[in-house]
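Below: the structure, in structure tokens.
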Amino acid sequence: MPNFYEETVRTGGADLVVVKGGTGKPLLILHDELGYTGWMTWNERLAEQRTLLIPLQPGYGRTPRVEWLSSYRDLAGFYSRMLREHHLDPIDVIGFSAGGFTAAEMAAADPHLFRRMVLVAPMGIKPSEEEIMDFFSMTIRSHLRATVADTVNTAEFGKIYGGEMTPEQFEAFEDARTETARLGWDPFMHNPSLPCLLEGTNVPTLLIRGTRDEVVPHDCIRAYKKALPDAQVAEIEGVGHRPEIENQAEFVRVTRDFLGA
Amino acid sequence: MQIGYFTERPYRWVPENEVLRNQAFFAVSNRFFDPAKGSEDYNYYLDENCYAEELGFDAVALNEHHGTPFCMGSVMNVEAAILARITSKVKIVLVGNPLPVIKHPLRIAEELAEIDLISRGRLVAGWVRGAGSEQFFNNANPAFNREYFNEAHDFIIQAWTRPGPWRYEGKHFRYRHVNPWALPLQKPYPQMWIPGVLSLETVQWCAQHRYPYVGLGTAIGPTCDLWDYYADEAAKLGYQAGPENFGYLVPTFLAETEERAQELGKGFAFGGGQAAFSRPEHTLPPGYNSRDAIRRLARQPGGSWLGVSADKLRQGTVERHDTAAYDEVRKKLFASYQKAQEAYQIVVGTPKTVLPKIKTLMEVLRPGIFVIFNVQGPVSNQDRMTSMRLFAQEVMPALRDYGKEIGLKDPIERTPGSVKLASGVSRLPVADRGPLAALGLK
């Protein structure tokens, strides 16, 4: 079983905490707007072939807030700087939800940062139909429930969020919500210029969506596909916004197929 | 002391079941707003404030909220401007302009200067952060709420005192040309009284700026604690806090008989009352309270913010009641109304029963500013005015005498922060908890 551990990486004037684990070529993982969930089955599976690098976003509790970050483009710049300063580019990346938004901003600014890019239910582009779910105006519990289609039969959902929420969990979620608001309150979780800047970047891209995603509308994926016409799209049937825990086997299969060893 | 009159200017015609169904006033659909009734009400509430002046109140206080039948004052400065012209003696106290929500401090500086000029110097400005729900209504990023508040406040002071034109390049606000032509009549600027609901950070900020802090119907024990916190901060800054640094606003309703007062006073619990201002998800938007405040909320047993506990936030979106359950809800509301009276957080009765209660509040909290908050809910104009008259004619004179007797100086008589405290000298008490034990209050 691959070990995972934390290390602190000095980047952009901040001590960025990065979870590392696995073996093989490095794979950057950008977590979503709710924060790092801990090492799950999908991490374990991907770590069999790749070394996962999971930066814990500044302001989410573990890594201190970086005051100059005020947009997802800033966050993208911050992570890009980490890749350059630590000679990690070009690298493969998986970005989840707001992490997908961040990865797309990174690619738009510098396509050479990434070898291959997987965007899972990415925010970042305003859909022309429906809207990205306004999770700021929900309690944290309602938000969590909306991220999977089947809360009861998704074992890892229960593992992460089941039972009573401890004060520590509650505080971590509030930290995450606050930092997300700092970066993405307005315009809400998108950047109007992102589609134009993505065009022509030619980073090989896989877009993954759950067919029952209630958080990110289908049209967001269509908009990404329009900006990146060569992108592949993998639809995972019957799951919501978090295919990586709701159908980890299929998620790992399509991701591995795309990224290779 | 300054005795003030306040009303939320409730929209009294919304069906209570709609508020109960929504579990809050905020987010009740405006399809329940009848413009004809609203028009009458806006005019009536202006008249009501004139009546307060006629009855001898020192001040009328206005506030604003957005998107709610709880309070019709969504643009308070409009009402303040009208009152500036149609009243002649009362102070017009704003509790207060929600700086982070309006997001345009230069405009606020101009509006308030005009109000102060039209009123010939009767404005008392006040600032608030805006309720959580208003961050949604106005799309004001709650994660920067405190920063917006501080920067807007500092900017307005500059706009009123620094001769223009000048340029301002701040973090959140930028202006190429600051030169508001109309400046306040009061120099250097109107007093500022800061209302609040016991946010430690706000109290500390008030102490630092030597602004009176006005507790909005806050529980007595914790209010005493906050007074002490203010006074400790003041002592660090070398001054003795006193009644001139504190104000208290309490829901108060009077009628000719105890029975009638109790019946009509239930309006304070209409739709769930203050506790139903907004649902948990709207009360605490992300980043609205500081990290420390969130930690206190999460870890202190019984910790809550405006009735919203960490437990409520951990729960899912509220389940809506079915119609049959409303009567059950009303029973609970009635029980909470009675409990609030026992805790002196709502004062209801005849002049004879109300006077000793308010004297107790004055004895314990020693506020230089005391404001009564008229009833909510579907109470007639006549009954509202009767309450005001009974208070003004049969309670207020005795309160004034009592205030003098126990030395309640107000911020007009004595400038807040002007009593120096020598280094190494212990500060004097600012609250008297003595009577609380006998009343069963902590």
Side-chain angles (χ1 to χ4, degrees), chain A residues 33-35 58-62 64-72 74-75 98 131 133-148 151-152 157 161-189 214, chain B residues 22-24 26-27 67 100-101 103 131-148 171-172 278-305 308-320:
Chain A
E33 57 279 7
L34 285 162
Y60 274 52
R62 298 280 294 114
R65 172 179 291 163
V66 175
E67 285 296 329
W68 60 265
L69 298 179
S70 64
S71 66
Y72 277 94
D74 287 346
L75 179 64
E131 299 293 349
M133 186 185 80
D134 182 11
F135 50 82
F136 288 136
S137 58
M138 308 169 83
T139 63
I140 186 65
R141 178 72 73 189
S142 301
H143 180 187
L144 291 170
R145 283 180 182 156
T147 61
V148 293
T151 53
V152 177
F157 182 81
Y161 306 122
E164 287 296 305
M165 199 183 292
T166 65
E168 291 76 14
Q169 279 178 315
F170 176 71
E171 288 163 10
F173 283 131
E174 286 303 315
D175 284 342
R177 282 161 50 80
T178 298
E179 191 62 25
T180 305
R182 285 172 70 89
L183 305 186
W185 176 271
D186 183 28
F188 178 64
M189 300 311 288
E214 290 182 11
Chain B
N22 181 58
Q23 294 220 350
F26 181 75
V101 160
K103 294 187 281 189
S133 53
E134 280 134 21
Q135 317 307 311
F136 290 104
F137 186 92
N138 295 282
N139 203 25
N141 191 336
F144 292 113
N145 178 278
R146 184 70 66 178
E147 290 187 15
Y148 291 151
K171 179 174 179 186
H172 295 293
S278 58
R279 294 197 302 257
E281 63 269 32
H282 292 135
T283 302
L284 262 181
Y288 175 73
N289 275 2
S290 70
R291 223 171 164 212
D292 284 347
I294 288 294
R295 270 144 186 72
R296 287 194 295 273
L297 181 74
R299 288 166 195 267
Q300 278 176 9
S304 74
W305 170 262
V308 175
S309 63
D311 282 343
K312 279 193 185 171
L313 289 167
R314 287 181 189 115
Q315 291 160 12
T317 302
V318 291
E319 299 297 324
R320 290 167 197 274

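FYI, side chains are in, hydrogens and waters are out, and symmetry mates aren't considered; it's all heavy atoms of this structure. Chain letters run A, B, ... following the sequence lines, proteins first and then strands; every chain starts at 1. This is a predicted model, so every value here is computed, not measured.
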Based on non-hydrogen pairs under 4.5 Å, which of T180(A), L144(A), D175(A) is most in contact with chain B?
D175(A)
Within this structure, what is the CZ-CG distance for the pair F136(A) and N139(B), rounded to the nearest 0.5 Å?
10.5 Å
Rounded to the nearest 0.5 Å, the CZ atom of R291(B) sits from the CD atom of E174(A) at a distance of 11.5 Å
State, to 0.1 Å, how close [X] and [Y] come at their nearest heavy-atom pair, and which atoms those are.
| X | Y | value |
| --- | --- | --- |
| Q135(B) | W185(A) | O-CZ2, 3.6 Å |
| E67(A) | K171(B) | OE1-NZ, 4.3 Å |
| R177(A) | L284(B) | NH2-O, 3.9 Å |

Side chain / backbone / both / neither for A27(B) at chain A, heavy atoms under 4.5 Å
neither
Just give me the residue among P285(B), G287(B), P286(B), S133(B) that pairs up with chain A most often, heavy atom to heavy atom, under 4.5 Å.
P286(B)
